[in-house]
Protein chains: 4
Amino acid sequence: MPLIDRHTSGVYVIAATPFADDGALDLASIDSLVDYYAARGVDGMTVLGVMGEAPKLAPDEARAALGRFIGRAGSLPVIAGVSAAGMGALAGLSQFAMDKGAAGVMVAPPPSLSTEDTVAGYYAAVCKALGPDIPVCFQDYPQLTGVKVSPATILKLTRDHPQIVMLKHEDCPGLNKLSAVRAAEAQGSPRMSILCGNGGLYLAQEMQRGADGAMTGFAYPEMLVGVVHRHLKGDVDGAEDLFDAWLPLIRHEQQPGLGLAIRKEVLRRRGAIASSAVRAPGPKLTAADLAELDRLIARTEARVAALGERLAA
Amino acid sequence: MPLIDRHTSGVYVIAATPFADDGALDLASIDSLVDYYAARGVDGMTVLGVMGEAPKLAPDEARAALGRFIGRAGSLPVIAGVSAAGMGALAGLSQFAMDKGAAGVMVAPPPSLSTEDTVAGYYAAVCKALGPDIPVCFQDYPQLTGVKVSPATILKLTRDHPQIVMLKHEDCPGLNKLSAVRAAEAQGSPRMSILCGNGGLYLAQEMQRGADGAMTGFAYPEMLVGVVHRHLKGDVDGAEDLFDAWLPLIRHEQQPGLGLAIRKEVLRRRGAIASSAVRAPGPKLTAADLAELDRLIARTEARVAALGERLAA
Amino acid sequence: MPLIDRHTSGVYVIAATPFADDGALDLASIDSLVDYYAARGVDGMTVLGVMGEAPKLAPDEARAALGRFIGRAGSLPVIAGVSAAGMGALAGLSQFAMDKGAAGVMVAPPPSLSTEDTVAGYYAAVCKALGPDIPVCFQDYPQLTGVKVSPATILKLTRDHPQIVMLKHEDCPGLNKLSAVRAAEAQGSPRMSILCGNGGLYLAQEMQRGADGAMTGFAYPEMLVGVVHRHLKGDVDGAEDLFDAWLPLIRHEQQPGLGLAIRKEVLRRRGAIASSAVRAPGPKLTAADLAELDRLIARTEARVAALGERLAA
Amino acid sequence: MPLIDRHTSGVYVIAATPFADDGALDLASIDSLVDYYAARGVDGMTVLGVMGEAPKLAPDEARAALGRFIGRAGSLPVIAGVSAAGMGALAGLSQFAMDKGAAGVMVAPPPSLSTEDTVAGYYAAVCKALGPDIPVCFQDYPQLTGVKVSPATILKLTRDHPQIVMLKHEDCPGLNKLSAVRAAEAQGSPRMSILCGNGGLYLAQEMQRGADGAMTGFAYPEMLVGVVHRHLKGDVDGAEDLFDAWLPLIRHEQQPGLGLAIRKEVLRRRGAIASSAVRAPGPKLTAADLAELDRLIARTEARVAALGERLAA
């Protein structure tokens, strides 16, 4: 499997972790989920992220899930989320992932960090613990971690550590941060691959600002693929038209907390996973939520279909 | 001027506070801004909210702005944001507002509150300080205040204090909270007027869940008015069609921090205010931001115009 | 081993988890650490708490440590910290602990909870997952979890769930919360055992407010035992004299973040554990820190010795 | 009145702001409070800080209080807290303070700042707005502001802006941050005056790490003066002995939130101010709090008196 590098582009979908109704890890659904993503044209997957409910997995479950995802993915690159409270656990899971054939690892700063120099110190320790051969994606997600990082610190990380090749961009507002990283590159800073998160809520604008693609978990990966690939081929307007058509559902699925339950319900309906269960403690959809989702899906699918006819015409 | 009550509905637009390029309060632009809002059919205004940069106003400026807004508004009801660190300042500004003719006051819990019983205690003190004749809107905005409030506490507030007649709903995710308040009313809890914030990002769904309208600050008030009034007249689908057409711009303007600068830039372009200045410290739009905004506006206006033809047809 | 109940009192020391210099779990040091605590007269131990670096343990390590602690403790009751991101992991670890002979489990609310009704809902789910026979200590530590809980909610938890028998009190300021719980008991609310944390920083006052003892991790357990047991025997002044003599060191060890490294260094010096290593990422003591600690220890030991002569006289 | 500079040392007590029982600003008590502080040997005062309830003052009240403090202080230097949500308000209050004879201003970063480069940008704007002649104290208080600042950023601020001459040090744990600033000075970074806050909880250690004094608000200023002045004269042990004797009360008064009510109650009892009122919303002492305070004071005064005899002997 190829490793991620500073020019990686496309859609690395954040994979959900499927559970049975009773909360048990559902390995068979991992297979169907991988097939579902692959059939819709994603360029890779990221597994064991926050949206993959990684913190709720026991370590043996994490390894079982990771192995299954990578095994089923075949030639499709898989990035492993390895954020963990202890450095030993992080390094151990990373090595396991790479041995299984992962394309790289993703690391978010732990919430216990405070100032930006402690962030730099932490990533120096991470790189030392991993050894120089494992490529790393830096996840910049202050809404979740509480750790705020300047563009200058991101640039320092990727300059000091050649293995930090990718930025998962999901600060918000973050468009100017993305532009700042790209501007620094124009001044000689080493290039980073930038893939964008935040449920895709700003994806069209992020591509126009110079992102290389998406790394997020929308339940209809064809939206992510359609927007990113159209854009990369130069069809900026078509990409944004498609994005806008999907936006009511993107925004709905991006609600903090509740969004994961919505996403899994859609994946279940589409046959990608057997159960929409989110591990406790987690949100459950109410009858009102389900009716609302029915309506939003019907409206979105009609709008996208109409657009498809127009784009094809 | 009529007071807000438990059945108030429609659009109470959150008014920007206009400043000159040098940061001075621009009273003349208050007049043009009020006229701009009124011409687009809003049902009322809320002034001196967070989006009105209230914390950056000196008290004499706050009173000058408030007086000017209310004076120009004529028969249009005006709700005064009066959240302040000290109870005396809050009560004093409230009395000033009511004397000038305000329709009620809006109070958010101060960040220093912790548990929900301290919230209840705080609003008891607020109501005592205001006296029983000033109607109060409870602003539920935990993303800003850090104060988390259960539906049970909201219901207790409005039950214990007849003057707490309105909920400004902007928790997120918040749709089920809105439903919980409405469900309690069906069981005998006193009705509240519920107007929704969060930049309107969930407005169509909130109306479908039983909201009475919007209280937020989108730069094109005709969107808020169109969606809310269509919905109140029973055209649920038309309201949502209109909402969806505007959504790319709604989402763009709702970015935390940056959104206010975008909003003021649009208001300036449309002649509602003379300068887009945000008081320091505050965001400034970059060249990339401005080009992006041009593109989003052009696309949105074309989409809304096309929809208008279809809705009219 | 007896179970904790509503009348449990004394000192349940929060046990450090010993690691070797290379970060490996050091099971042999668990034995010496248990012996160290037992020799100084503690009434029980709490293991796998935050100060026990539980989040940095792999699950198999957590079980190995837990088994070793309980095995060595003999008749000394051991409470197991079982807070975990997933309910299944929490219940599994709890059952493991009880099967090994634990006296009960301690559960803190996960940071993802928001309003107090979600706290109540979470503990209902916890109690259901545990079954009715496992006694639970509710850990109230908002400085760490961000979850703020009124006395009313604590009282509801212990009333609704007979198995929630103990409060680990470490809100700050928290003295009036402690008094509020005791006052409610005087009005008929079921009694809770209240053991206090926060590094013992308010221990003398907490005992005077009606606490049953301490559950915290000071490196000199003889201080905790001396203060609590003297107080329980009625020597209120002597207990506070002893507390005051230790306070400079208590306060020093209670510094957030750094305190754990200080504590482990003291435990190492006293022969309780083989290495003062804190698992990465974690603080390391500088030369200045070590010299400062030398000075504080020398001064404290002299003061305590002088007091001992006076108390004995 | 002399201005603060890079060598300022001693005790700049954080002055409480006195209110009448009904919450009105009590100007007469400002006079008695200044006299109280002066009689106990402080080297200066800092007014309108957080502990001075500055956010609860109307701007005209802030100016009235500031003028009264400075007028009464005579030759005693007064630093004015001028943190405000808007840059114009900050600059206006600063100019007012300097015109009245203040020795400098203190500015904390506003909570809306995020990354450390935004902190640097904010202070550049502050210095520009103030002009080069007003000396500035940078308040580093992340527990309150949420803004985390590396030593490198503090050093950059004082290097880039000659007028930023003083650090109010109250990060926690912060002893190594203090040492880092002093170590950088030894390498050629410009010297800063460092005065310490946090209620004095670490004052003895901070002096030993190289602080120049205290800037905090303990109700017995003779403790601050005694510890700092003894230390500056070279009596390190005597300074720490005195500190330790006071520590039970220092720690008690330093409780977040509640501490201010305790401090004002002590100031009232000692005749420094007429009323212990804290402006709403704020804590009120219960009967249990008052009895506890009586006991702590009696014990502390006895201990300090005994120590005094020993130190004098």
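Order of the sequence lines sets the chain letters (A, B, ...), proteins ahead of strands, with each chain counted from 1.
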| query | Does the side chain to side chain donor-acceptor pair (under 3.5 Å) test come out yes or no for B/Glu53 and B/Thr17, once each step is laid out? | reply | CA-CA 7 Å; B/Glu53 300 176 74; B/Thr17 301; over 6 Å; no

| request: Would you indicate whether A/Lys156, at its atom NZ, is surrounded by more than 12 heavy atoms from other residues, nucleotides or ligands within a distance under 6.0 Å? | output: no

| request: Let me see the working for A/Gln139 and A/Glu170 under side chain to side chain donor-acceptor pair (under 3.5 Å), right down to the final yes or no. | output: CA-CA 8 Å; A/Gln139 184 178 19; A/Glu170 47 192 337; 3.0 Å; yes

| request: Heavy atoms only, distances under 4.5 angstrom: which of A/His252, A/Arg303, A/Arg209, A/Gln255 has the most pairs with chain B? Name it, please. | output: A/Arg209

| message | Is A/Phe243 in contact with chain B via its backbone, its side chain, both, or neither, using a 4.5 Å heavy-atom distance? | response | side chain

| remark: Applying a strict 4.5 Å limit to non-hydrogen atoms, the region of B/Glu292 in contact with chain A is side chain

| request: Output the option from A/Asn176, A/Leu296, A/Thr286, A/Leu258 having the highest count of non-hydrogen pairs under 4.5 Å with chain B. | output: A/Asn176

| B/Ser150 OG to B/Asp171 CG distance, which is reported to the nearest 0.5 Å | 10.0 Å

